[in-house]
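Here's the structure we're looking at; comments come further down.
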Amino acid sequence: MYGETATIVSLSSLRLLWEIRRSLVMKQRIKNALEESLKSTVANPEKYLGFVDISETKDKQYGDYSTNIALVLAKELRMSPRQVADSLREKITTGTIIKKVEVAGPGFVNFFVNEVAWGFCLQEIFVSGDAYGKCALGKGKKVQVEFVSANPTGPLHIGHARGAVVGDVIARLLSACGYEVVKEYYINDTGNQMSNLGISTLYRCRELKGDKSPLPDNSYQGEYLLDVAQEILEKYPDILQKPEKEATALCGTFAATVILNGIVDDLAVLGVNFDRYFSESSLYETGLVTETLTFLEQNGTAYRTQDGTLWFRTSAFGDEKDRVIVRATGAPTYFAADIAYHHQKFSDNYDRVIDIWGADHHGYIARMRAGVEAMGHDVKKLDIVLIQLVALLRNGIPVAMSTRAGEFVTLREVVEEVGADAARYNFLLRRLDSHLDFDLEIAKRQSSDNPVYYVQYAHARACSVLRLAEEKKIDNLKWHESIPSFLTLEEEIAIIRLLISFPDVVRSSAQSVEPHRLAFFLNELASMFHSYYNKYKIISDDEETTLSRLFLVGAIKTVIKNGLTILGVSAPQRM
RNA sequence: GCGCCUGUAGCUCAGAUGGAUAGAGCAUCUGCCUUCUAAGCAGAGGGUCCAGGGUUCGAAUCCCUGCAGGCGUACCA
C-alpha cells in the first residue's frame, strides 16, 4: 500500500513543492489564480483588482478558500452575482493545488485545495523553527512602547498588571514583526506627590522613634513606608535632626528609589522588564521643559494671561478647551513635562511611538496629541492605546484599591498566588477595551484549570509524544516528500490550515495592537491538537503514518512554543 | 450636561477588513483512562447578539436615536 501511494506522490511532489515554495502562502496562490481569471474575464481588470479578497472558509462544504468578489462586482458589471461568479470560475485553471472551484449561495466562488498539497506547508514550519511566525514587516523601523509608568509612591497592584503584561506583549509582537523595539518606563519623580511621599516617609521615621502623631490627611498611608523609614534611619541616623525641608526631600528621594526598585523587582517576577527608565526630573535638569515652553510660546500656541498663567492653546488642535502649562506661581504642570517628554521621544527618531494608558486617562489624549503636533512632530506616528481598568474583587465584592490609603493586594501577592503564566494569560484573553473583573477567590480556585494550562498542556503533550518516539528509536522529525500523502485526514488538514495562518495572526495582532488574538489562536490550536490526539494514534505500527503524524506534531509543538514565547508564557516540556 | 468604553448562552468572554447555520471556557447533565500525559476527549441542553429605526444582495459587525453599566470631564497623576 505504501509503495503504491509513494509512487503517485513522488511524481507530482517535486512540482508541488516548488510551486508551494514559490508562493509560500496558500492564500496568495489562490489569490493569484483569481486575479488571473479576473484579467481575462472583465474589460478593465486593473480597476477591480483592489477588491480581490480571499478568506478562509469556516465550513468545509464551502471548500478551503472563498471569495465574495462576484457579489462585490455584480452591480458594477450589471450582471447577476451568479453570472459573474460563473464566468470567473470558468477561467480558473485547476491543477496540482486547486482541485476544483465551485460557485455557491448568492455568488460565492469557493476553492477546494488538493488534500495532498497541505502537507507540504509543514516543511516551511520545520525549516523556520523558532523563526516561524516572525516577519519583516517592521524591518529597519524603530518603535518605542511606553507602559506602566506608575508613580513610585507605592507598590504595584493588580490594576497595573494588565498594562504591564499587555505592553510587554505588544512589544514582543512588534519585535516578532521585525521592529526594533524599545520598552520604556516614565518615572514621575517630581512635584506634589514626591513631597507628599517625603512627608509621609518622614512621619514614619518619627513614628519609629516613638512619635505617634497621626499622618497628615493626604499622605500615603501604606505600611510599606515603615520599611522604607527603617532603612532611612539606618542609613541616616541623624535624619530627624536635619531641617524639615532637607529631611523631607531626602526622605522623598530615598523612598522613591526604594519603591521603584521594588516595582522593577515585582515586574520581573511577572516577566516584564524595560530597556529604559526615563526620569521626569531629568527633563527639568536638562532644561528641556523650559525649552519646550519657550518654543510653544514663541510659535504662538501658548499664551499668557494677566495673572501670569501660561496656557497652551490645545483647543486649536481639537481639544475641548485650553490647558494650563505653567501656573501663576511659575510652577509648570505635569502636562508641561509630558509635552517635553514626548518631544524627547520624537527627537529619538522613532518611526512609531506607542503610549499605553489606563482608560481613565482617555480625556488626556486630545491634549497630548496637541502637544506633539504643536512641537512640530508627525502626530500620526503617535499611537495611544487605552486599556480598560481592572476591578479587583473578592468573592464578587469590590476590594478598595487605593495607594494613598494603603489598602490593596499587591501585584506581587497575586503573582505569587496564581503564578506569572496564569496571571499573564488571564489578561491576554481579553480585548483591551473590555472591562475586566479580577476576582481573587475565583482566580485562586480556578488556578488549576486556567486556560493557560490548556495550551501549555498541549505543548507538554506534544513534547511527550516526540520524546516517546525518540525513546523508541523512531527517526522522527525528518522531512520526506511522502509525508503529505499521509496527512489527508480532515482533522489533519484543519490543523495544517491553522498552523499556516500563524504568521498572519502574529502580524495582524501586532498591526491592530490586539494581543488577545494570538492567545485565542493558541487556544484553538491546542483544542484541535487535544481532539486529534484523543481520536488518533500518533505512534502506531504503520511506519509511514507514524513518521508523518510525528512531523505534524512537531509542527504543532513549534507553533505553540513560538506563540507562547511571544506572549511571554513558558512552554513546559512536561506537566 | 458633554466626551470615551462596554452591552452576545445562567456566568466570564471571543466573533479583523460587513458574508453562508453566531462560537469557546466555566457551570449543569451523559459517556471515555490495562493502550502515545484524563491539566484531556466525545456528546446534550442553553440565544429577542440591550431596544427601535436606517444603509444593502447580505448587519452581532456600519450610521442614527434611546436605555443600562463603567470611566473621564482639575492650574491631581
Side-chain angles (χ1 to χ4, degrees), chain A residues 53 55 57-59 61-62 66-68 70-72 74-75 80-81 104-108 110 149-151 153 188 191-193 196 218 280 307 309-311 320-321 323-329 331-336 338 358-366 386-389 391 396 403 429-437 439 442 445-458 460-469 471-472 504-505 508-509 511-512 514 516-517 519-520 523-524 526-527 529-540 546 549-550 553 574-575:
Chain A
D53 185 41
S55 58
T57 55
K58 288 170 201 156
D59 195 327
Q61 67 168 302
Y62 302 126
S66 171
T67 182
N68 63 351
L71 295 157
V72 176
K75 186 177 260 182
S80 78
F108 290 102
N110 297 330
S149 300
N151 300 332
T153 56
N188 286 114
N192 288 333
Q193 57 184 2
N196 271 346
N218 53 358
E280 181 190 6
D307 60 355
T309 307
L310 187 65
W311 294 79
E320 47 191 28
K321 62 173 202 173
R323 309 287 172 179
V324 170
I325 43 181
V326 180
R327 302 178 181 94
T329 60
T333 61
Y334 280 98
F335 181 40
D338 285 336
D360 54 339
H361 288 64
H362 76 259
Y364 217 74
I365 293 177
L386 294 180
I387 300 176
Q388 280 298 334
L389 301 184
T403 306
L429 273 174
R430 284 177 170 74
R431 269 194 351 248
L432 303 186
D433 51 14
S434 159
H435 296 95
L436 167 58
D437 289 340
D439 193 306
I442 291 175
R445 176 154 38 87
Q446 294 189 335
S447 62
S448 65
D449 57 354
N450 188 297
V452 71
Y453 298 113
Y454 186 76
V455 177
Q456 288 182 320
Y457 189 63
R461 186 173 244 181
C463 288
S464 171
V465 175
L466 295 170
R467 201 161 44 231
L468 183 73
E471 281 163 16
K472 289 190 171 187
D504 278 337
V505 173
S508 66
S509 295
Q511 276 181 309
S512 59
E514 292 183 335
H516 75 278
R517 289 201 208 170
F520 276 90
N523 266 15
E524 194 181 348
S527 167
F529 174 57
H530 284 313
S531 178
Y532 177 66
Y533 176 90
N534 272 274
K535 190 165 176 183
Y536 301 102
K537 206 88 174 119
I538 311 290
I539 296 170
S540 66
T546 299
R549 290 181 178 177
L550 284 170
V553 171
R574 295 170 201 270
M575 283 173 77

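Everything numeric in this text was worked out from a predicted model, so none of it was measured. Numbered from 1 within each chain, the chains take letters A, B, ... in sequence-line order.
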Is the backbone of A/Ile539 close enough, under 3.5 Å, to the side chain of A/Thr546 for a donor and an acceptor to pair up by distance?
-> no
Within less than 4.0 Å of OP1 or OP2 of B/C41, is there a side-chain N or O belonging to A/Tyr454?
-> yes
Atom-to-atom span, OH of A/Tyr536 to C1' of B/C41 - whole angstrom = 13 Å
Within the structure shown, what part of the strands sits under 4.0 Å from A/Leu468 by heavy-atom distance: base, sugar-phosphate, or nothing?
-> sugar-phosphate
Taking N or O atoms only and anything under 3.5 Å, show me the protein contacts with nucleotides 28-35 of chain B, one pair per line.
unit_1 : atom_1 : unit_2   : atom_2 : d
B/U35  : O2'    : A/Lys537 : NZ     : 3.3

Any A/Tyr453 side-chain nitrogen or oxygen under 4.0 Å from OP1 or OP2 of B/A39 | no
Within the structure shown, what part of the strands sits under 4.0 Å from A/Lys535 by heavy-atom distance: base, sugar-phosphate, or nothing?
-> nothing
Would you say A/Lys472 reaches B/C36's phosphate, i.e. side-chain N/O to OP1/OP2 under 4.0 Å?
-> no
Would you mind reading off the distance between A/Asp433 atom CG and B/A16 atom C1', rounded to a whole angstrom?
-> 13 Å
Between CG of A/Leu429 and C1' of B/G15 the distance, given in whole Å, is 14 Å
What pairs with A/Ser464 under side-chain hydrogen bond (donor to acceptor under 3.5 Å, both in side chains), at least two apart in sequence or on another chain?
-> none
Does B/C62 adopt a syn or an anti glycosidic conformation, taking syn as a chi angle within 90° of 0?
-> anti
So what does A/Ser434 hit on the nucleic acid, given a heavy-atom distance under 4.0 Å: a base, only sugar-phosphate, or nothing?
-> sugar-phosphate
Assess whether side-chain contact (heavy atoms from CB on, under 4.5 Å) is satisfied between A/Leu389 and A/Asp360, documenting all intermediate values.
-> CA-CA 7 Å; A/Leu389 301 184; A/Asp360 54 339; 3.8 Å; yes
Find the distance A/Ile538:CD1 to B/C41:C1' and express it as a whole number of Å.
-> 13 Å
Do any side-chain nitrogens or oxygens of A/Arg431 fall under 4.0 Å of OP1 or OP2 in B/G15?
-> yes
Contact class for A/Asn110 vs. all strands (heavy atom < 4.0 Å): base, sugar-phosphate, or nothing?
-> base
Phosphate-side-chain proximity, A/Arg467 and B/U37, N/O vs OP1/OP2 below 4.0 Å = no
Quick one: label A/Tyr62 by what it contacts on the DNA or RNA (base, sugar-phosphate, nothing), any heavy atom closer than 4.0 Å.
-> base
For nucleotides 67-74 of chain B, list the nitrogen or oxygen atoms of the protein found under 3.5 Å from its nitrogen or oxygen atoms, one pair per line.
none

Do side-chain atoms of A/Ser527 reach the backbone of A/Asn523 as a donor and acceptor pair under 3.5 angstrom?
-> no
Roughly how many Å is it from CD1 in A/Ile387 to P in B/C5, rounded to a whole number?
-> 15 Å
Return no unless some side-chain N or O of A/Ser531 is found under 4.0 Å from OP1 or OP2 of B/G40.
-> no
